[in-house]
Amino acid sequence: VASPTPAAEGEGGAGESQEMTLDIKSFRRPGEKTFTQRCRLFIGNLPTDLTEDDFKKLFSKYGEANEVFINRDRGFGFIRLETRTLAEIAKAELDGIVLGNRPIRIRFATHGSALTVRNLSPVVSNELLEEAFSEFGPVERAIVVVDDRGRPTGKGFVEFANKPCARKALDRCADGALLLTTSPRPAIVEPTEQLDEEDGLPEKLLVKSVHYHKEREHPPRFAQPGTFEFEYSSRWKALDEMEKQQRDQVERNIREAKEKLEQEMEAAKHEHQLMMMRQDLMRRQEELRRLEELRNQELQKRKNIEMRHEERRRQEEEMMQRHREQEEMRRQPDGFKPNYADTREQEMRMGELGPRGAINMGDGFNPASVAGASVNQGPPQMIGIGMSGRAGAMGPEGTPNMGAPNMMPDNGAMRNDRFPQGAPNQIGSSPMSGRPGVESPQQQQAVGAGLMGAGPGPAVGGPAGFGRGIPVVGNYEGPNNKRRRY
């Protein structure tokens, strides 16, 4: 900004003009935002023939202009400068100057995107207020109003860059509850009432009407007591006092209601915290129970897997055992392979003959055999018996006779290939059972006396049928000597 200064006289008496130059950047506050709505000026009473270039040239010395609008028909325009300070300087210097035979009027334009915020907590600052309302759009300015001692009044202002953002914030806060702090204390948002507290209403702007001249007939004065003016002045004062008392009562009631609400809010907050803690505890218990169930399921799954592995191992062992048995059976000679049919017949045969042995030999006692046993010291001659169908017979000389194995025919009779049926040494069939090779006790005694009496020295009698019975007088009919009906 350049301004002329008076000429200074020198030694030669010559006057020189000097200009003072100011840096526009020096009028910017630290951290101040530029080209905001607060830097926008309204210019009224413009000439109708004023061009846009002439309008820009009028404000060129106050820095760069961001927004220029002019309406020639109605004679007004708007311009937006860089900072609030430059706008104030331009307003102070250009307001009232004559342009095209018209004195122009300059004032700050109405901020249509400003909102008033009430019910603020004492801990809310300018920065927190701006941060809270930045979600609706760019915020140019956010201020918390304080009193003369710097204490917050619970009221603030938020200025947006454009009107859509302000409308969005107003609608959202009206429909919902915007909380700025931990306490559930919502911010009350409403449009800001535009007031001009700087310029006010100068005399030159008043309209000189009939009512104006009538009210201006008497100068300012005090009403005299007992007069008409004093009486109605007293009534006005009484009405104002009643309004003040009612306002105080309303404010007191509202303050008490707020305090009560705060107490209830604190109690409800503690109850809510307890409820949240209980819910968290229940949630953790549920998680622990679920983890325990998962752990039990995992253990059961592992147990099932181990049981399956054990079952598989046992089956493999059984298969290996059967395989070994099959290998052993394949390695045995053909003569020693067991026959299931023969084995079953032998088991049935053993069950019929009794517990004394494989052959049905009586336990009869012969006294002569006892006497002969003491004289005849030679080994008794073994007769051919069918123990299991494979056992051989002992010959007369006491040598083992490894003959062919005895086979059992289908009718249940035992056959000895060593002694055919016509041989002199074959034992007759028993009259009790009708099967060959089974003798009665009398026949066994005869065989013991005739066939088994060989030996050195005179023999009185041989041992009777392996001599397993206890010597008794007479014939003993053992348990196997029972007559059966066939």
Side-chain angles (χ1 to χ4, degrees), residues 115-139 141-146 150-158 160 164-191 250-320:
L115 299 178
T116 302
V117 185
R118 297 185 293 103
N119 197 30
L120 295 178
S121 174
V123 297
V124 177
S125 61
N126 298 340
E127 291 76 11
L128 180 60
L129 187 63
E130 182 177 357
E131 179 184 357
F133 282 87
S134 296
E135 62 174 299
F136 306 109
V139 176
R141 181 168 171 260
I143 295 296
V144 175
V145 180
V146 295
R151 295 175 298 186
T153 60
K155 184 179 179 180
F157 297 99
V158 177
F160 288 93
C165 298
R167 174 57 58 183
K168 180 180 178 182
L170 187 63
D171 295 340
R172 288 286 304 277
C173 294
D175 297 337
L178 178 61
L179 305 179
L180 304 183
T181 58
T182 306
S183 301
R185 188 174 180 175
I188 307 301
V189 182
E190 57 189 9
V250 171
E251 291 179 358
R252 187 164 47 253
N253 295 337
I254 292 177
R255 185 168 55 253
E256 292 177 357
K258 288 182 178 180
E259 293 177 355
K260 182 179 180 181
L261 182 60
E262 289 180 356
Q263 295 177 359
E264 294 178 357
M265 184 176 62
E266 290 295 330
K269 183 189 298 184
H270 292 301
E271 184 66 24
H272 179 70
Q273 291 177 356
L274 292 177
M275 184 180 67
M276 294 297 295
M277 292 176 62
R278 286 195 294 267
Q279 291 180 358
D280 184 67
L281 180 61
M282 293 176 63
R283 181 179 57 81
R284 293 187 178 183
Q285 290 178 354
E286 182 67 19
E287 290 180 358
L288 289 176
R289 186 185 63 81
R290 185 164 55 253
L291 292 176
E292 186 68 21
E293 290 181 357
L294 293 176
R295 178 175 174 273
N296 294 336
Q297 292 177 2
E298 186 68 21
L299 292 177
Q300 185 66 23
K301 187 183 298 183
R302 292 182 180 178
K303 185 177 180 181
N304 295 336
I305 293 175
E306 292 178 357
M307 291 178 63
R308 285 197 295 269
H309 288 175
E310 184 68 21
E311 182 68 18
R312 189 179 297 108
R313 186 182 62 80
R314 186 181 61 80
Q315 292 177 0
E316 291 177 356
E317 290 180 356
E318 291 180 356
M319 292 177 63
M320 293 176 63

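On a predicted model such as this, the values are computed, not experimentally measured, just so you know.
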Start with the C-alpha gap between Arg295 and Leu291, add the side-chain angles, then the distance that decides, and say whether side-chain contact (heavy atoms from CB on, under 4.5 Å) holds. CA-CA 6 Å; Arg295 178 175 174 273; Leu291 292 176; over 6 Å; no
Sequence neighbours excluded, the answer for side-chain contact (heavy atoms from CB on, under 4.5 Å) partners of Val146 is none
Note, Val117 side chain near Ile188 side chain (heavy atom, < 4.5 Å): no
Quick one: does any side-chain atom of Asn119 pair with a main-chain N or O of Pro186 as donor and acceptor, under 3.5 Å? yes
May I have all residue pairs that pass side-chain hydrogen bond (donor to acceptor under 3.5 Å, both in side chains) and include part of residues 260-276, sequence neighbours excluded? none
For residues 305-314, the side-chain hydrogen bond (donor to acceptor under 3.5 Å, both in side chains) pairs (sequence neighbours left out) are Glu310-Arg313, Glu311-Arg314, Glu311-Gln315, Arg313-Glu317, Arg314-Glu318
Shortest non-hydrogen contact from Phe136 toward Lys168: O-CD, 4.1 Å
Counting only heavy atoms not in Glu190 (residues, nucleotides, ligands), do more than 12 fall under 6.0 Å from its CD? yes
Taking every heavy atom of Ser121 against every heavy atom of Arg185, the minimum-distance pair comes out as CA-NH1, 3.9 Å
Measure the CG-CZ distance between Leu170 and Arg167 for me, rounded to the nearest 0.5 Å. 5.0 Å
Run the numbers on Asn296 and Lys301 for side-chain contact (heavy atoms from CB on, under 4.5 Å), then give the verdict. CA-CA 8 Å; Asn296 294 336; Lys301 187 183 298 183; over 6 Å; no
Other residues, nucleotides and ligands only: do more than 12 of their heavy atoms fall within 6.0 Å of CZ on Arg283? yes
Salt bridge between Glu256 and Arg252, side-chain N to carboxylate O under 4.0 Å? no
What residues form a side-chain contact (heavy atoms from CB on, under 4.5 Å) with Arg302, not counting sequence neighbours? Glu298
Heavy-atom closest pair (Gly156 atom, Leu120 atom, distance to 0.1 Å) is N-CD1, 3.9 Å
State, to 0.1 Å, how close Phe160 and Phe133 come at their nearest heavy-atom pair, and which atoms those are. CE2-O, 3.4 Å
Ile254: what forms a side-chain contact (heavy atoms from CB on, under 4.5 Å) with it, not counting sequence neighbours? Val250, Lys258
Thr116 vs Lys155 side-chain heavy atoms within contact, under 4.5 Å: yes
Is any side-chain heavy atom of Gln279 closer than 4.5 Å to one of Met276? yes
Crowded around Met319 CE? As in, over 12 foreign heavy atoms under 6.0 Å? no
Results of side-chain contact (heavy atoms from CB on, under 4.5 Å) for Asp175 - residues two or more places apart only: none
In plain terms, say whether Glu292 and Arg289 are close enough for a salt bridge, that is, a side-chain N and a carboxylate O under 4.0 Å apart. no
Are the side chain of Asn304 and the backbone of Gln300 linked by a donor-acceptor contact shorter than 3.5 Å? yes
Nearest heavy-atom pair of Val144 and Pro152: which atoms, and what distance? CG1-CB, 4.5 Å
Closest non-hydrogen contact found for Leu115 with Ala166 is CD1-O, 3.7 Å
Looking at CZ of Arg278 and CG of Asp280, how far apart are the two atoms once the value is rounded to the nearest 0.5 Å? 12.0 Å
